[in-house]
2 protein chains.
Amino acid sequence: MESFAGRIDLEALGLDHQPLAWAGELELDQPSLRDNTGLADRLARAAAGRWGLSRVVVPLSLASRIAEMPPFPGRRLWVSLQVENDQGRLIALDWSSTAPESRRGPFGLAVDVGSTTLVLALVDLGRAVVEEELTLTNPQVRHGADILSRAHIAEKAEGLAEMTAGLLQAINNGLAAMCRRLDLSVGRVSAAALAGNTVMTHFLLGLPVRTVIREPYVPVLNRPAELTASAVGLEMAPEAPVLVMPNRGAYFGGDLVAGLVVAGLARAEEPCLMVDVGTNAEVVLGQKDWLVGAAGAAGPALESGVTARGMTAGPGAIDRVRVDRRTGEISWRTMAGARPRGLCGSGLIDLLAESFLSGLIDFKGRLTLPPGHPRRTDTDEGPALIVVPADQTENGRPILLTEVEIDILIRSKAAMYTILNTVTQSVGLSFDQIDRFFVAGTFGQHIDPRQAVAIGLVPDLPLEKFVPLGNSSLKGTILALLSNRARVEALDLWRRLTYLEMNVNQDLMNRFSAARFLPHTDRRLFPSVGTTII
Amino acid sequence: MESFAGRIDLEALGLDHQPLAWAGELELDQPSLRDNTGLADRLARAAAGRWGLSRVVVPLSLASRIAEMPPFPGRRLWVSLQVENDQGRLIALDWSSTAPESRRGPFGLAVDVGSTTLVLALVDLGRAVVEEELTLTNPQVRHGADILSRAHIAEKAEGLAEMTAGLLQAINNGLAAMCRRLDLSVGRVSAAALAGNTVMTHFLLGLPVRTVIREPYVPVLNRPAELTASAVGLEMAPEAPVLVMPNRGAYFGGDLVAGLVVAGLARAEEPCLMVDVGTNAEVVLGQKDWLVGAAGAAGPALESGVTARGMTAGPGAIDRVRVDRRTGEISWRTMAGARPRGLCGSGLIDLLAESFLSGLIDFKGRLTLPPGHPRRTDTDEGPALIVVPADQTENGRPILLTEVEIDILIRSKAAMYTILNTVTQSVGLSFDQIDRFFVAGTFGQHIDPRQAVAIGLVPDLPLEKFVPLGNSSLKGTILALLSNRARVEALDLWRRLTYLEMNVNQDLMNRFSAARFLPHTDRRLFPSVGTTII
């Protein structure tokens, strides 16, 4: 599971259980000459009575459906509705089934709309349980892994339409597959919440991104209006409310807002940091009363690696590396136990940290092994560390790490540290005043904070302060489906967040330069990091 | 004009001027790195600032439109929005024109959806002026003049779809024609309000009427939810709010609710009566705190006439009749001054009243003229009065009124009087406690209350108490477009109205029998009516 396992203890998270959709069974009385209230109005009246609401609105499309209902005795039917304050709005109704599912639900769909993968969760909103989860490749990746190439295709109306249709089709197919597994009618899925970066949510909603990718980087839409599934193109109950997490700019998407909800920043008494490393590195600092955010290009090298053998997490990816401090021997672990194919983000950070801590590379990132050493080879790009010899890899070619690649990694981590440093100083705080350090995304789930500290990617805080959030974009949308408080907090956090433009000035450049060492020029900032010279 | 002429003095009507849509011009500032708020969100911000609202929501369809807007300097654009309390919702935007129209409006469409005719009004909501008015034949009349035959066709889905499409096409064509005359873009029409009887509004909204026309006569929908033009199928600003007046049952439509608004019943201190004579006769009695309504089959004979030469108002229809009290000579007036073709409702009532008052017929409706009298002829159905001799009519055949037809007319007027009587007695009132007697519909506009009293169709009240409302269905929708108070009153009246089922019992039959004379068995109830015997 990418998100929560089993029942979600909302109370423990400090959240209420007020799902975006409610459901239950209703019994309708037969109309008579004495009570000839309209069919839709009597259904609304029954629902209002059942849930103690002052009014329940029936959308026109459902009024038509009600007219089709056969006049069976006792007319029991399943309905779902959206409730705000003491008003309800009918979402779906169904009299076709008396299966056990009719006593469950309603169901909601949560989606992390990632640029590489889409992660879907089908949630029983009544019981607060994630029933199914599904990870799909974003079909847009065939237009290029990076978002800019897709944005350029979307400059033409047909290109944009294709981006939107591709996303919707993948999500709709995924939802249908999950529903089949649960033997659930798709028409009973009565709510959706989605989060993604700003370009992805624009694609999802069919909005052009021309202005998003060009200075001054202006989204078409920050906060989407209340939407319905039929308006968005999601194949579920057509009147289902659809919540798309608002963005705070081209570089600060709804996925981060979702993450802030999961981190509980709306209720944090002390300042906390949250970082999300994706295509960019995004940083938020704040607590319940204020929030500042910033973003910078620090990500790709750290996440999937811009190194020759960098790869996204998957079978054959090395995700753990250890270097024997005494012998310099390199050991590693691959995902799914396959023969090694490359290094994923956490593997790269491990490798860099272990190589540094064991003295295979020095604080400037240069190899210390002399020419001719069995772990060293010389390539066109200069000297390289042999991480896995050729005879042990999947394709018979060695997995290397060149000095040039090490330099890219160090610059990436320096960029990240500089952003963290700048944001923290911008509000007059120092790192030791940070209460918790949340690491969002799957990246955060896999890296070892000890190693991240060792290379100076993150400040040298006590390890217990680091909190991995997992797929907080997905988790945030799940919470938004389940809890009114989570929905309110998402909007509050969104409203309160001040986006800090990173001005590239001399001060910033100085900070960046000082961070271009392992772990940092100023070793006093990293007292816990000790090195061994072989 | 069917409705109001020129500017509507809302203040004089006791109503506020809070139209369903507002409009104006906005100037948008250019986005910058310092202010990179989304395009749609900055438009919402500008609109909120301009009109002092806490928030303005931008529907998704308009967010897409905003992205298409060229980045011209100063970005001036015309917007319309719906306002409720301190919240706004964008309806339309337009940057294509700087024509004078841009300083007018927004415009709203009001429609009386009659079963025979559709009456449209295009209203400048900002200035509270009815700019254009258009009367169209309801295209459904080719399926039969009476509603039941259309309801039977609509039992099949294709039949219903045809009914709906026909109505929408007629309204859309009519609106387009009115807009052309005003040189106004249809896309700037930003609100609509429609009223009709229950079957007509069901047809309009594509709802089946199967349950409406069968015992226990249950509408699918009493009170439609908030709708948009695109959801209904009206070709105007797609996000325009559309208000469809709620009905109170199969026989008490939104057209009557609209009429109650026009009559000002929500603010009446003393009890008032309102009658609407259409296919049925509908009666409402009440004042600001309570309302009872009833309906009965009293209408057809009175309106267009079930007599051989009855016809709807139009060229050649006799709408005024006078009988010389001394000579018994019959004089008449036709509409458009054409040669007589038949008698419309007001002509029939005039004829019956004048014939009775001049002694051509007695209080039982029998001809007093002896056989051989030039004004009398004997037909297969018995004796008949020659209203217009053959040589003066359009088709060379005399216009007659037979004793059988007189009897039908008397039964119709007796039914109307019985309903009025029953409703009034049901709340323990007598006619002399009635403050005003509103007569809705075009019928009410043309009949002479003196004559209606003379035949005992309505109670013998002082003439100044009779108030013709004209097309109050259309007027009510115009007021609903213009005034929040009118909208609130419509819902209040709708909620408060108690529908009185007319139980056909001995008491009712006795009242009906007593009313089957001219003007009534009990002449003391009609002290103002005097007869002359020739």
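Below, chains carry the letters A, B, ... as their sequence lines are ordered, and counting in each starts from 1.
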Donor-acceptor pairs under 3.5 Å, chain A versus chain B:
unit_1, atom_1, unit_2, atom_2, d
G38(A), N, N222(B), OD1, 2.7
L39(A), N, P219(B), O, 2.9
L39(A), N, V220(B), O, 3.2
A40(A), N, V220(B), O, 2.7
D41(A), OD1, N222(B), N, 2.5
D41(A), OD2, R223(B), N, 3.1
P219(A), O, L39(B), N, 2.9
V220(A), O, L39(B), N, 3.2
V220(A), O, A40(B), N, 2.7
N222(A), N, D41(B), OD1, 2.5
N222(A), OD1, G38(B), N, 2.7
R223(A), N, D41(B), OD2, 3.1

Checklist outcome for this item: One option among L60(B), V57(B), L227(B), V58(B) has the most heavy-atom pairs under 4.5 Å with chain A, and it is L60(B)
Item to check | Closest approach of V218(A) to P31(B) (non-hydrogen atoms, all atoms of both residues) | outcome: CG2-CB, 3.3 Å
Checklist entry - Does A67(B) have any side-chain contact (heavy atoms from CB on, under 4.5 Å) partners at least two apart in sequence or in another chain, and if so, which? => result P208(A), V220(A)
Next on the checklist: To the nearest 0.5 Å, what is the distance between CD1 on I66(B) and CG on L221(A)?
Outcome noted: 8.0 Å
Checklist entry - What option among L43(B), L205(B), V232(B), V212(B) has the most heavy-atom pairs under 4.5 Å with chain A? => result L205(B)
Checklist entry - How close do A225(A) and P59(B) get, heavy atom to heavy atom, and via which atoms? => result CB-CA, 4.4 Å
